[in-house]
Amino acid sequence: MKPKVYVELPRDFFHEDAVNMLSKVADTLFEPLSKEEFEEVIAESSAAIIGLKRIDENFLELAPKLKIVARFGVGYDNVDVEACTKRGIYVTITPNVLSDAVAEHTFALILSLTRRVIEADRYVRSEWAKGEKRFPLGVDLKGKTIGIIGCGRIGSQVARKAYGFEMKILYHDAVRNEEVEKRFDAKLVSLNELLRNSDIVTLHVPLTDATRGMIGEKELNLMKESAYLINTSRGPVVDQEALTRALKEGKIAGAGLDVFALEPIPLDDPLLKLDNVVLTPHIGSGTVETRRAMALKAAENVLYALKGKVPPDLVPEQREVFLKQT
Ligand code: GLV
């Protein structure tokens with residue numbers, strides 16, 4: 001009998017090439033499933049490819065045959081890595097393949113704000129032809145300062161693109177990134193210095209105990225009134241209530257958000273009433289090419305685990321543990 005692979009995505013959202021790759025050796029089962037169907041499937045599954053589902057003791061209890069939790073994405077704050085490690089379950093991510101897509105989406109949000117793209121679209125549809133009101137001006141990116149918080153795989157790609165826009169680049173990270181300094185003239189600064197001096201502040205950190213709520217009222221107060229905050233990382237990195245207040249009170253000019261405290265963000269959330277925000281539904285990596293590459297990477301990791309081999313994209317916390325055993 002073939003091993004089973006549970007995929008927490010609808011069939012249409014997991015690229016056919018990856019399905020074909022898996023189907024040679026496994027039965028692949030997709031969402032949507034009823035609670036009962038899910039429990040039946042996960043009880044028999046040797047591998048789980050997961051999106052943002054919480055993988056904790058409760059989930060693992062239902063999945064006694066599991067060898068690997070392969071995240072379809074790069075953040076793994078929704079996975080209790082320690083609980084997986086204790087049970088000998090690999091945890092993998094899909095690094096590198098999505099960095100450019102997230103960096104591009106970061107710029108989609110930045111340009112939507114600085115060039116008022118969403119407002120302009122509404123204006124064309126309802127007002128332009130009336131000739132009553134001129135459309136307000138945007139602001140240039142050239143010569144402005146971008147502050148990149150977290151300058152790893154994705155942050156570095158944001159720096160590369162910012163350099164193309166002829167922006168000045170500041171970054172803040174626990175680890176120095178000499179490559180972005182050399183190639184894109186980026187400067188490592190303290191968080192406060194970055195917040196005070198940037199026209200665009202953009203977040204590219206994982207969600208950890210250290211980064212949860214790292215942008216709160218105090219940090220927002222340090223930003224320029226003309227500055228924009230961009231978040232394509234994880235919602236809880238920002239204190240969303242403090243951000244909503246800062247936006248209402250004009251403490252900052254606007255925000256571009258792809259991630260939220262709670263997803264989907266409820267329709268009655270006050271953020272949705274504001275005009276100085278551009279909001280997208282957690283689609284940083286959401287391009288055809290990138291989602292295909294992510295699916296192939298997740299499938300590749302699963303195939304390694306099904307063959308009893310250590311998969312290539314283990315989360316850092318597990319590298320020590322599992323690579324030492326081989
Ligand atoms: C998306 O949110 C990811 O973790 O890659």
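When a ligand or atom number is given, it counts from 1 through the structure's own listing order. None of the values given here were measured: they were computed from a predicted structure. In this chain, numbering begins with 1 at the start of the sequence shown.
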Review point. Do the side chains of Leu60 and Tyr76 join up, straight or via other hydrophobic residues, at under 4.5 Å, putting them in one cluster?
Key: yes

Check your understanding: Arg71 heavy atoms, cut-off 4.0 Å: which ligand 1 atoms fall inside?
Key -> 3 (C), 4 (O)

Revision key, fill the gap. Under 4.0 Å from one or more heavy atoms of Gly75, ligand 1 contributes atoms 3 (C), 4 (O), 5 (O)

Check your understanding: Taking a hydrophobic cluster as the set of Ile, Leu, Val, Met, Phe, Trp and Tyr residues connected by side-chain heavy atoms closer than 4.5 Å, whether directly or through intermediates, do Met167 and Ile110 fall within one such cluster?
Key -> yes

Exercise for review: Please answer whether the main-chain N or O of Glu61 pairs with a side-chain N or O of Asn58 as donor and acceptor at a distance below 3.5 Å.
Suggested key: no

Exercise for review: Tell me which part of Val259 gets within contact of ligand 1: side chain, backbone, both or neither, using heavy atoms under 4.0 Å.
Suggested key: neither

Check your understanding: Does a side chain donor of either Asn192 or Ser190 reach within less than 3.5 Å of an acceptor in the other side chain?
Key -> no

Check your understanding: Any idea which atoms of ligand 1 are less than 4.0 Å away from a heavy-atom of Leu98?
Key -> 5 (O)

Point to revise | Connected via hydrophobic side-chain network under 4.5 Å: Val19 and Val97 | key: yes

Check your understanding: Got a salt bridge between Lys133 and Glu127, using NZ or NE/NH1/NH2 to carboxylate O under 4.0 Å?
Key -> yes

Review point. Does Ser233 reach ligand 1 with a nitrogen or oxygen that is under 3.5 Å from one of the ligand's nitrogen or oxygen atoms?
Key: no

Practice item. Using non-hydrogen atoms of the residue, decide whether His282 is closer than 4.0 angstrom to ligand 1. Key: yes

**Study point:** Protein residue, atom and distance nearest to atom 5 (O) of ligand 1, heavy-atom basis
**Key:** Val74 N, 2.7 Å

